[in-house]
S.K.: 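This is the structure, below, for whatever I ask next.
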Amino acid sequence: MSFKVYNSYSRQKEVFESITHGHVGMYVCGPTVSGESHLGHARPYITFDVLYRYLTHLGNKVRYVRNITDAGHFEEEGREAEDKISNKAILEKLEPMELVQKYTNLYHWAMLQFNCVEPSIEPTATGHIVEQITMIEKIISEGYAYEKNGSVYFDVKKYAAHYDYGKLSGRIIDDLLETTRELDGQEEKKDRADFALWKNAAPEHIMRWKSPWGEGFPGWHIECSAMATKYLGPNFDIHGGGMDLQFPHHESEIAQSTICNHTAPVRYWMHNNMITINGKKMGKSYNNVIKLTELFSGNHPLLTQAFHPMTIRFFILQSHYRSTLDFSSEALVASEKAMKRLWEAYENLQKLEVGDTVQGEDAEIETKVLNWLNELPEFMDDDMSTPKVLANMFEIAPIINSIKDGLIKTNALSSSTLQKMKDSFKLFLEDILGLQNVSATDNEAFKGVMQLLIDIRKEAKGKKDFATSDKIRNQLIELGIQLKDEKGGEMSWTVA
RNA sequence: GGUCCUGUAGCCGAGUGGCUAGGCAAAGCUCUGCAAAAGCUUCUACACCAGUUCGAAUCUGGUCGGGACCUCCA
């Protein structure tokens, strides 16, 4: 059994083998901290978080590098150079780095809500200006970049003559040349396909650094190349990001790094698909984003309620990362209910006693359960088929609940199978998919109080004092806590 | 215009040519003082038209939708 991933570069699933056995280098394009993260941003972070968790589970030591883009990029190349971050800072009367800090903090907070594992290294673009300049100098000395009026451009045409430019994004350089839009101020470039490595800063530009070509700031793509090379080496295992970054961002990264390091930088390119809303990509340019803070608070016209971050995570994992995922409040409500049901089954499972039974009495159930469990790693191995993992768990959930309710005999399953269920659920649900209990009541004092109420209600019910019994139940409902009467007079509760 | 992806039941979504995912919603039943929860059952879909095949949601061609990238974008 081996882990297969879809490599965007070869356009097929490949068996994953790291360059150094037992170690994996992984780079994921992080956020541009010039604004708040939205639902679309959540997808790559959750997708690659699961990848990181799975690789770790497989026994790898993973160095996970995820950058913070805090230097800003051009609004549009060739136009009056505007640094997004510094531009907005002026409007808001904030120091650029103050803005950067604000959105970085917000981003970190959101990642925490999603239960995303922190990356091993989280480098910032502004912290690696020296490395970027060094890299640009190297590219110039190799003859694949040229300086003009304080800016430096990458010579795409020359590169394409020797290397396969456009392979990752499936682009043909001649098509690019013909279809690149007419832009102002292109005269600096030798060729329209060329992209900036370094941009000369206009006087009003706040974010600027000294360089061999005068004061300026780095181009769009060089930061990722520089930081990936620094922390993962000239040739590393996985580079991830959203599909919309394939071109020009990742294509350019390949070109820069290849010239600089004399080797293709990445073994496996992995891209997540977009989250759509009414079938259209959620994105800044479409003005249809739903920010994470809006999602968590329910404060948005398209939302019928607030959604817990774990609901979002679950929602994302219910689809395959390379498919588009269409957002709607309705779909999130469905995910919320589904996750709640699955999680309760998981909690019920943990309470089931492992008996001394040697053999399952119901061979049919035993076999089915074992098959479902055995498929879980196979699904993960198949390019992270998280929807299938969850589907199998939903197959098992009714069996757990039936055992708990006595509808299936406790010893229907052998103790080893029951133990395997417990281990597998813990492993896949918590460790690999990174899901967490959404209940905020995981607290001994609170549980004690609940037990007290349950005891009182049991007494009342025993005396057929349904007024008291209903009062407890109804008032708890108003507080968002739901009591459930179970077989044999037992009661349990969940947060609605 | 170029390149590519896609069209699966009310909704969200898996789907490797034959074993007809899963979730939500809906309906019925069981359990129950009532309710909720849980369990069982039902609803069996692949845009359209041809073709290949013993057999196609899955392969091929065409038609019609939808979308992405080519420009900052996860």
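Proteins get letters first, then strands, A, B, ... in listed order; numbering begins at 1 in each.
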S.K.: On a whole-Å scale, what distance lies between the C1' atoms belonging to B:A21 and B:U44?
M.R.: 12 Å
S.K.: Using the salt bridge (Lys or Arg N to Asp or Glu O under 4.0 Å) criterion, which residues pair with A:Lys368? Sequence neighbours excluded.
M.R.: none
S.K.: With a 3.5 angstrom cut-off on both distances, give the Watson-Crick or G-U wobble partner of B:G55, or none if there isn't one.
M.R.: none
S.K.: Under the rule for side-chain hydrogen bond (donor to acceptor under 3.5 Å, both in side chains), what residues qualify as partners of A:Asn392, not counting sequence neighbours?
M.R.: A:Glu375
S.K.: Quick one: which of B:A37, B:A74, B:A35 gets closest to the side chain of A:Asp485?
M.R.: B:A35
S.K.: Under 4.0 Å, counting only non-hydrogen atoms across every strand here, what does A:Lys281 touch: a base, just sugar-phosphate, or nothing?
M.R.: base
S.K.: Please determine, for B:A50, whether a Watson-Crick or G-U wobble partner exists with both distances under 3.5 Å, and give it or none.
M.R.: B:U60
S.K.: Among the candidates B:C12, B:G39, B:A35, find the nucleotide nearest to the side-chain atoms of A:Ala331.
M.R.: B:C12
S.K.: When all nucleic acid strands are considered with a 4.0 Å heavy-atom cut-off, which category describes A:Asp382: base, sugar-phosphate, or nothing?
M.R.: nothing
S.K.: Enumerate the protein-to-nucleotides 26-31 of chain B contacts in which both atoms are nitrogen or oxygen and the separation is below 3.5 Å.
M.R.:
| residue | atom | partner | partner atom | Å |
| --- | --- | --- | --- | --- |
| B:C31 | O2' | A:Lys487 | NZ | 3.4 |

S.K.: 5'-most contact on RNA chain B: A:Leu483 or A:Arg11, nearest heavy atom basis?
M.R.: A:Arg11
S.K.: Select base, sugar-phosphate, or nothing to describe what A:Met393 touches, counting heavy atoms under 4.0 Å on all strands.
M.R.: nothing
S.K.: Restricting to side-chain hydrogen bond (donor to acceptor under 3.5 Å, both in side chains), what partner residues turn up for A:Ser335, sequence neighbours left out?
M.R.: A:Gln318
S.K.: Base, sugar-phosphate, or nothing for A:Lys461, non-hydrogen atoms under 4.0 angstrom?
M.R.: base
S.K.: So A:Ser323, base contact, sugar-phosphate only, or nothing? Heavy-atom distance under 4.0 Å.
M.R.: sugar-phosphate
S.K.: Give the rounded distance in Å between these two atoms: CZ of A:Phe247 and C1' of B:G2.
M.R.: 12 Å
S.K.: Applying salt bridge (Lys or Arg N to Asp or Glu O under 4.0 Å), can you list everything that pairs with A:Asp455, at least two apart in sequence or on another chain?
M.R.: none
S.K.: Base, sugar-phosphate, or nothing for A:Ser319, non-hydrogen atoms under 4.0 angstrom?
M.R.: sugar-phosphate
S.K.: Scan A:Asn401 against the nucleic acid and name what it touches under 4.0 Å (heavy atoms): base, sugar-phosphate only, or nothing.
M.R.: sugar-phosphate
S.K.: Go through the structure and list residues passing ring-ring contact (aromatic ring centres under 6.0 Å, His included) with A:Tyr52, not counting sequence neighbours.
M.R.: A:Tyr64
S.K.: Restricting to salt bridge (Lys or Arg N to Asp or Glu O under 4.0 Å), what partner residues turn up for A:Arg43, sequence neighbours left out?
M.R.: none
S.K.: How would you label the contact of A:His38 with the nucleic acid (heavy atoms, under 4.0 Å): base, sugar-phosphate, or nothing?
M.R.: base
S.K.: By side-chain hydrogen bond (donor to acceptor under 3.5 Å, both in side chains), which residues pair with A:Asp485, not counting sequence neighbours?
M.R.: A:Arg457, A:Lys461
S.K.: Using the 3.5 Å cut-off, write out each protein N or O paired with an N or O of nucleotides 42-46 of chain B and the distance between them.
M.R.:
none

S.K.: Suppose you measure atom P in B:A57 against the same atom in B:U20; what distance do you get, rounded to whole Å?
M.R.: 14 Å
S.K.: Heavy atoms under 4.0 Å, any strand shown: does A:Tyr286 hit a base, just sugar-phosphate, or nothing?
M.R.: sugar-phosphate
S.K.: Could you tell me whether the side chain of A:Ser37 and the main chain of A:Tyr107 form a donor-acceptor pair under 3.5 Å?
M.R.: no
S.K.: For A:Ile275, answer base if it contacts any base atom (sugar-phosphate contacts may also be present), sugar-phosphate if it contacts only those atoms, and nothing otherwise; contact means non-hydrogen atoms under 4.0 Å.
M.R.: base
S.K.: Does anything in residues 305-331 of chain A form a salt bridge (Lys or Arg N to Asp or Glu O under 4.0 Å)? List the pairs, not counting sequence neighbours.
M.R.: A:Asp49-A:Arg313, A:Arg322-A:Asp383
S.K.: Just by modelled atom types, is the A:Ile316 backbone N or O under 3.5 Å from a matching donor or acceptor in the A:Ser319 side chain?
M.R.: yes
S.K.: Scan every strand shown for a Watson-Crick or G-U wobble partner of B:U32, both distances under 3.5 Å, and answer none if you come up empty.
M.R.: none
S.K.: At 4.0 Å (heavy atoms only), tell me whether A:Gly241 reaches a base, stays on the sugar-phosphate, or touches nothing.
M.R.: sugar-phosphate
S.K.: Give each protein N/O atom lying under 3.5 Å from an N/O atom of nucleotides 18-22 of chain B, with the pair distance.
M.R.:
| residue | atom | partner | partner atom | Å |
| --- | --- | --- | --- | --- |
| B:G22 | OP1 | A:Glu395 | OE2 | 3.1 |

S.K.: For A:Glu395, give me all partners under salt bridge (Lys or Arg N to Asp or Glu O under 4.0 Å), at least two apart in sequence or on another chain.
M.R.: none
